[in-house]
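Remember, it's 1-based here, ligands and their atoms both numbered in the order they're listed.
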Amino acid sequence: MHAITNSGWVEVITGSMFSGKTEEMLRRLRRAEIAGQEVAVFTPALDDRYGEDTVGSHEGRSWEAIAIESEGEAIWDLLDHLNGEQVVAIDEANFFDSTLVEVCEYLADDGRRVVVSGLDQTYRGEPFDPVPQLMALAEYVEKFQAICAKCGEPATRNQRLVDGEPAHKDDPTILVGAEESYEARCRNCHVLRSD
Ligand code: ZN
């Protein structure tokens, strides 16, 4: 997808939940692997899961990944896990802080292909840092839509539901392990409780 072979670059795969981001990332990684390129995949260490992990899609396909720290200078530890791979993929980029942007820039400057996947919006429909910054700096951005669970139109938003009801606008952005569910919804059907 890139004509210049002597430079690295950043490509971002983004969109709402259930839009096929992870499936698209795995498709790109499989193509690279078929071409004989070495691939390293990273995920944020949430819920204290560190080390070995897998990136799975809703299609049931998966790829071995390394779970790394998601905050601050510790994100640079990603470099310690690299062993000359030309392709570096990062899934769930929205769970990292802005240090991830510097790391991705460093990797691309170092001649690597950096494939980043993550949500572009919070459940409130606001930009979900650091993905918007990565989208601005990337050579390539692809934004996918899901299908609205309410009306069937293209969906760009993440509807958070708590006990089946729309979440409150003042809830924390990231709720790891909470009792909640999500639907992809369009702009019209997206609801934020504000009472
Ligand atoms: Zn809708």
Asker: Looking at every non-hydrogen atom in both residues, tell me the closest pair between Gln37 and Val87 and how far apart they are.
Answerer: OE1-CG2, 3.5 Å

Asker: Is Leu107 linked to Ile66 within one hydrophobic cluster, defined over Ile, Leu, Val, Met, Phe, Trp and Tyr using a side-chain heavy-atom separation of less than 4.5 Å?
Answerer: yes

Asker: I'd like to verify the contacts: list protein N, O or S atoms under a distance of 2.8 Å from the Zn ion (ligand 1).
Answerer: Cys148 SG, Cys151 SG, Cys186 SG, Cys189 SG

Asker: Within the side chain of Asp91, is there an N or O that forms a donor-acceptor pair under 3.5 Å with the backbone of Thr43?
Answerer: no

Asker: Are Glu24 and Arg27 close enough for a salt bridge, meaning some N to O gap below 4.0 Å?
Answerer: yes

Asker: When you compare the side chains of Arg124 and Thr173, does any donor N or O come within less than 3.5 Å of an acceptor on the partner?
Answerer: yes

Asker: Check whether more than 12 heavy atoms from other residues, nucleotides or ligands sit under 6.0 Å from atom CG of Leu137, and answer yes or no.
Answerer: yes

